[in-house]
Enquirer: 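There's a structure below that I have some questions on.
Below, all heavy atoms of this structure are taken into account, side chains as well, without hydrogens, waters or symmetry copies. Nothing here was measured: the structure is a model prediction, and the numbers come from that model. Both counts, for ligands and for their atoms, begin at 1 and track the order of listing.
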Amino acid sequence: MENTAQSTPVAEHQHTKFCKRCGTKILEEAVICPSCGCQVEEIKHTEQPSIVINNANTNTNANVNANAAAFGVRLRNKWVAFFLCLFLGFFGAHKFYEGKAGTGILYLFTAGLFGIGWFIDCINLLCKPNPYYVR
Ligand SMILES: [Zn+2]
């Protein structure tokens, strides 16, 4: 008799696998075995798209950070830079703080570009957001 054909709930031409519990041939994408009712696969197919989107977001964030680092952009505290400029600006202290050693040395030897650079920098630093980016 053809009882074996009736006991297998899946047609031959479909992609099949065997239940880990009872060994029944079931559909490959089946999560629950129709024969014993046990979960045979992790239920994650529906969650995968959102995970992919999250990964894409973190990747773009990482790229932005990498770009910022590649262009030498630094984050500095406005008030530290401002008070360095106010009290030690003639020595270029705020320029060294921003990582601009070349300009700092120039300020050091010209007394903050004869006071003009120092004055402009004090005003500029006051107008910056906190923290601010140094390019
Ligand atoms: Zn089963």
Enquirer: With a 6.0 Å cut-off on ring centres, are F83 and H94 close enough?
Expert: no
Enquirer: Should we say atom OH of Y97 is surrounded by more than 12 heavy atoms from elsewhere, each under 6.0 Å from it?
Expert: yes
Enquirer: Can you check whether A111's main-chain N or O pairs, donor with acceptor, with W118's side chain at less than 3.5 Å?
Expert: no
Enquirer: Among V31, I26, I32, which residue satisfies the side chain to side chain contact (heavy atoms under 4.5 Å, CB included) criterion with V40?
Expert: I26
Enquirer: Checking K25 side chain against F18 main chain: does a donor-acceptor pair fall under 3.5 Å?
Expert: no
Enquirer: Check whether Y132 forms a cation-pi arrangement with K78 (NZ or CZ under 6.0 Å from the six-membered ring centre, at most 45° off the ring normal).
Expert: no
Enquirer: Going by chain and residue number, what protein N/O/S atoms come nearer than 2.8 Å to the Zn ion (ligand 1)?
Expert: C19 SG, C22 SG, C33 SG, C36 SG
